[in-house]
Protein chains: 2
Amino acid sequence: MKLLEDLIREKGIIEHGEVLKVDSFLNHQMDVKLFQEMGREWARLYAGTGVNKILTIEASGIGIACVAALEFDVPVIFAKKSKTKNIAGEVYSSTVVSFTHNNVNDIIVSKKFLGPGDRVLIIDDFLANGAALLGLIDIVNQSGAELVGCGIAVEKAFQPGGKRLREMGVRVESLAKVAKLEDNYIEFCD
Amino acid sequence: MKLLEDLIREKGIIEHGEVLKVDSFLNHQMDVKLFQEMGREWARLYAGTGVNKILTIEASGIGIACVAALEFDVPVIFAKKSKTKNIAGEVYSSTVVSFTHNNVNDIIVSKKFLGPGDRVLIIDDFLANGAALLGLIDIVNQSGAELVGCGIAVEKAFQPGGKRLREMGVRVESLAKVAKLEDNYIEFCD
């Protein structure tokens, strides 16, 4: 998606030749008009697939998912990072290892909001190692819902998450795929 | 706002006569069409005030703020709950005591995104004791930006936050104000 790639070139900041900061428009300050265009693109890509729920994870996926959901006319569910284990059996839970934050989170989704018959699109801001997406997919599978695919803003295609998911048969639509990141240099996949 | 009050009556769950759960449409599963109507109502209420930034706090404020921001055509900034103190001086920070979660969080906003000349609307899902809003207002004041007001989905008017903020001279526009909460009974302010 050219609009997103242009914004990354213009406003993205590369740190230590490997970290891409897009916090001025994607995940701290948020450009909601951009999110609207991203939502339209995912709605075009996933047209006719019968998506009836969008699933994301707190915190930085929520804004993108909610604005995109307007284009699909479906509700959003966000997985919560939880310190309390599922005791009452009221939630689906999975474990996500974050390489960015160097920690482990249990994520939970209430069983009230996902189940057989649901057709789920997962949306998130970044795909690198795929840990968050694997946790969300685990939750979709536990619920008996059907995973339609994933909508990602920025995929770091030089990290293994995207390849791993596609090899599992998961449809992944990333709007900007970064092929290479160096100091002051960024290259996108064709 | 009648639409929101009707949804609270229909889908809200009262626990222990004091907790109002609205997680089926407001802050776990999210009804983005409702958020759009809420955004239109705040845009009407705050018309002509020159709002150029919306500020919220992770996680459950983000979806409401982003969808509402489309109606204002302004970016959203969300305050992050942080475990690391501000060492480099790159962020504004404040402390929020959460009665709901029984913990204390430092919240941070990058100095890049708020400053003198900004006219800020704060949006959040709930107002009870006002702790989160006071932290966000503290950050607006530190930045030198102007606080235009607050847009709240559900105010628990029987708790002291709203009164305290209005006595400080802060404009607070709550779309549903709960006057009284008992088991199986909810009463809204006129």
Side-chain angles (χ1 to χ4, degrees), chain A residues 11 13 21 23-39 52-84 90-91 101-103 107-115 118 123 125, chain B residues 11 13 21 23-39 52-84 90-91 101-103 107-115 118 123 125:
Chain A
K11 296 182 175 174
I13 295 167
K21 283 189 78 171
D23 62 352
S24 65
F25 60 98
L26 204 73
N27 51 18
H28 184 17
Q29 183 167 251
M30 297 178 286
D31 178 344
V32 295
K33 291 283 171 180
L34 167 68
F35 293 1
Q36 197 171 43
E37 292 303 323
M38 289 162 51
N52 76 325
K53 295 263 171 82
I54 288 177
L55 178 65
T56 187
I57 181 168
E58 66 169 282
S60 48
I62 298 175
I64 300 170
C66 282
V67 172
L70 288 169
E71 306 299 323
F72 287 82
D73 198 7
V74 302
V76 175
I77 301 149
F78 74 89
K80 300 183 182 194
K81 293 171 184 166
S82 172
K83 287 175 196 82
T84 53
E90 292 169 346
V91 297
H101 300 292
N102 193 27
N103 63 9
I107 61 170
I108 59 170
V109 169
S110 170
K111 288 185 178 173
K112 289 186 289 183
F113 306 132
L114 269 189
D118 283 326
I123 283 185
D125 57 340
Chain B
K11 298 183 176 173
I13 296 168
K21 283 189 77 171
D23 62 352
S24 65
F25 59 98
L26 204 72
N27 50 20
H28 183 19
Q29 182 166 252
M30 296 178 286
D31 178 344
V32 295
K33 291 282 172 182
L34 168 68
F35 293 1
Q36 196 171 44
E37 293 303 322
M38 289 162 52
N52 77 324
K53 296 263 170 81
I54 288 176
L55 177 66
T56 188
I57 181 168
E58 65 170 280
S60 48
I62 297 175
I64 300 170
C66 282
V67 173
L70 288 169
E71 305 298 324
F72 287 83
D73 198 7
V74 302
V76 175
I77 301 149
F78 74 88
K80 301 184 180 192
K81 292 170 183 165
S82 172
K83 289 177 194 80
T84 52
E90 292 169 346
V91 297
H101 300 291
N102 194 28
N103 63 9
I107 61 169
I108 59 170
V109 168
S110 169
K111 288 186 178 174
K112 289 186 288 184
F113 306 132
L114 269 189
D118 283 327
I123 284 186
D125 58 340

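Lettering follows sequence order; numbering is per chain, from 1.
Side-chain N or O atoms of His28(A) include one that pairs as donor or acceptor with a backbone N or O of Phe78(B) at under 3.5 Å.
Proximity of Asp23(B) to Phe113(A): side-chain heavy atoms (C-beta onward) are separated by under 4.5 Å at one or more points. Residues Leu70(A) and Leu70(B) form a side-chain contact, since some pair of their non-hydrogen atoms from C-beta on lies under 4.5 Å apart.
Per-residue counts of heavy-atom pairs under 4.5 Å with chain A were compared for Val74(B), Asp73(B), Leu34(B); the largest is that of Asp73(B). Interface remark: of the candidates Gln29(A), Lys53(A), Lys33(A), Gln29(A) forms the most heavy-atom pairs closer than 4.5 Å to chain B. Counting heavy-atom pairs under 4.5 Å between each of Lys80(B), Gln36(B), Glu58(B) and chain A puts Lys80(B) at the top. The residue among Ile77(A), Asn27(A), Val76(A) with the most heavy atom pairs within less than 4.5 Å of chain B is Val76(A).
Atom CD1 of Ile62(A) and atom OG of Ser60(B) lie 7.5 Å apart (nearest 0.5 Å).
Both the backbone and the side chain of Ser24(B) come within contact range of chain A, judged by heavy atoms closer than 4.5 Å.
Contact record, Val32(A) with Cys66(B): CG1-O, 3.5 Å, taken as the closest heavy-atom pair.
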